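Structure record follows, encoded as structure tokens.
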Protein chains: 2
Amino acid sequence: MSPHEPRSSCPLAYALDVFGDRWTLLIVRDMLFRGLQRFSEFAASPEGIASNILTDRLKRLEDLGLVARRPDPEDGRRVLYHLTERGLRLGPAMIEILRWGLEMDPDTQLPARFRSMLGGDTTALLAELAKKHRALADGNTPEEADG
Amino acid sequence: MSPHEPRSSCPLAYALDVFGDRWTLLIVRDMLFRGLQRFSEFAASPEGIASNILTDRLKRLEDLGLVARRPDPEDGRRVLYHLTERGLRLGPAMIEILRWGLEMDPDTQLPARFRSMLGGDTTALLAELAKKHRALADGNTPEEADG
DNA sequence: CAACTCGCTTGCACTTTGCAAGTCGAGTTC
DNA sequence: GAACTCGACTTGCAAAGTGCAAGCGAGTTG
């Protein structure tokens with residue numbers, strides 16, 4: 001699932017070469033919507049990703065410049081991951097995919113606050129998420145609010 | 001890659017269970033943006049999908065109520081596929097993924113007309129695409145314009 | 001009616017996925 | 001400072017998915 005060369009010149013095909021699998025956007029979700037940064041946090045998400053797959057996906061996201069890593073100043077064993085500016089550009093697509101999933105499957109759930117934000121202005125929502133994410137990436141850790 | 005039960009209650013995870021692979025959204029693209037309807041047309045797209053994979057994906061889309069099929073009145077061997085109303089709801093996510101791919105990889109290309117439409121009002125673009133698609137699904141075949 | 005087309009199906013080799021155990025460097029504990 | 005724990009992986013392997021290429025039944029063509 002990691003082609004060396006593009007299948008076509010279509011931007012949609014390019015995007016699917018990047019994240020057309022079941023896990024990549026879940027990792028991006030956890031970074032963007034939930035503010036998670038650590039390998040063990042991603043591994044602990046409810047979907048239960050395998051550690052070799054998580055390693056693989058994080059590496060590919062880093063290689064593509066969508067994610068960056070830095071050592072955890074509090075514990076040298078740990079690495080902190082965050083979305084780069086390029087990675088933050090996934091926001092609009094993430095929001096629309098989320099909306100679609102909510103509309104298609106009423107059994108799916110989101111925290112009420114996030115759900116109400118989805119019904120509002122997308123640009124404002126994304127600006128807020130990006131701001132919080134940049135603060136995390138800078139090492140400021142505001143009180144976490146689950147996405 | 002076709003789980004019987006959801007991995008979690010997250011709508012994004014649900015969406016990725018539906019189309020988190022490299023081919024499904026390309027098929028939806030061909031229906032929505034290019035007006036394609038026939039198996040051989042999907043198979044002939046530049047990415048070169050394998051026929052067993054195409055069959056599999058069309059069946060799953062149909063089973064999920066996103067795509068419907070009808071016999072081709074002109075040739076009893078053929079089937080015509082189209083997006084249902086549920087399937088048309090993928091439009092916003094498709095548009096945002098396309099925008100992201102264009103932004104991330106300048107080597108990707110779109111027809112100039114489509115590209116300029118992407119820069120405009122999303123709601124108007126989607127309404128127009130949906131209208132044309134519904135006409136196709138009703139068996140009216142206006143002169144095709146490549147997406 | 002023979003030859004061809006269309007939408008699949010099939011067998012099989014290859015690739016990816018995911019489980020579970022293990023590794024190794026960093027950090028902690030006593 | 002030895003022993004242990006933690007964290008981010010790596011590894012072997014079985015299962016599942018992918019994709020190639022050939023083939024089949026129904027329908028079309030001349």
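As the structure is a computational prediction, the values presented were derived from the model and not from experiment. By convention in this document, chain letters (A, B, ...) are assigned in the order of the sequence lines, proteins followed by strands, and residues within each chain are numbered from 1. Quick note: numbers below take in every heavy atom, side chains included, and nothing from hydrogens, waters or symmetry partners.
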Relative to the 5' end of DNA chain C, which residue comes earlier, A50(A) or D75(A), by the nucleotide with the nearest heavy atom?
A50(A)
Just to confirm, is there a sub-4.0 Å distance from OP1 or OP2 of dC9(D) to any side-chain nitrogen or oxygen of R69(A)?
yes
Please tell me if Y81(A) has a side-chain N or O lying less than 4.0 Å from either OP1 or OP2 of dG7(D).
no
Could you tell me the separation between the CD1 atom of I53(A) and the P atom of dA8(D), rounded to a whole number of Å?
17 Å
So does E41(A) pair up with R78(A), basic N to acidic O under 4.0 Å?
no
Spacing of L80(B) atom CG relative to dC6(C) atom C1', expressed in whole Å
12 Å
Nearest whole angstrom, please: distance from the P of dG7(C) to the CD of E74(B).
13 Å
Phosphate-side-chain proximity, W23(A) and dT17(C), N/O vs OP1/OP2 below 4.0 Å:
no
Spacing between R38(B) atom CZ and dC6(C) atom P, to the nearest angstrom
7 Å
Here the distance between atom P of dC9(D) and atom CZ of R57(A), to the nearest Å, is 15 Å
Between E62(B) (CD) and dG7(C) (P), how many Å, whole number?
14 Å
Would you indicate what N52(A) reaches in the nucleic acid, counting non-hydrogen atoms under 4.0 angstrom: base, sugar-phosphate, or nothing?
base
Nearest-angstrom distance from the residue atom CG of D21(A) to C1' of dT17(C)
11 Å
Report yes if the distance between the aromatic ring centroids of F19(B) and W100(A) is under 6.0 Å, otherwise no.
yes
Can you tell me the distance, in whole Å, between the NZ atom of K59(B) and the P atom of dC8(C)?
11 Å
Distance test, side-chain N/O of R22(B) to OP1/OP2 of dG19(D), below 4.0 Å
yes
Counting only side-chain nitrogens and oxygens, does S51(B) get under 4.0 Å of the OP1 or OP2 atom of dG7(C)?
no
Below 4.0 angstrom, N of the basic side chain to O of the carboxylate: do R22(A) and E47(A) qualify?
no
Please tell me if R7(B) has a side-chain N or O lying less than 4.0 Å from either OP1 or OP2 of dG18(C).
no
Could you walk me through whether T24(B) and D21(B) satisfy the side-chain hydrogen bond (donor to acceptor under 3.5 Å, both in side chains) test, starting with their C-alpha distance in whole Å, then the side-chain angles of each, then the deciding distance to 0.1 Å, before giving a yes or no?
CA-CA 6 Å; T24(B) 301; D21(B) 67 85; 2.5 Å; yes
Nearest to side-chain heavy atoms of R77(A), which nucleotide of dT28(C), dC9(D), dC8(C)
dT28(C)
Below the 4.0 Å mark, does dC9(D) have OP1 or OP2 next to a side-chain nitrogen or oxygen of R78(A)?
no
Assert yes or no for the condition that the ring centre distance of F39(A) to Y81(A) is strictly below 6.0 Å.
no
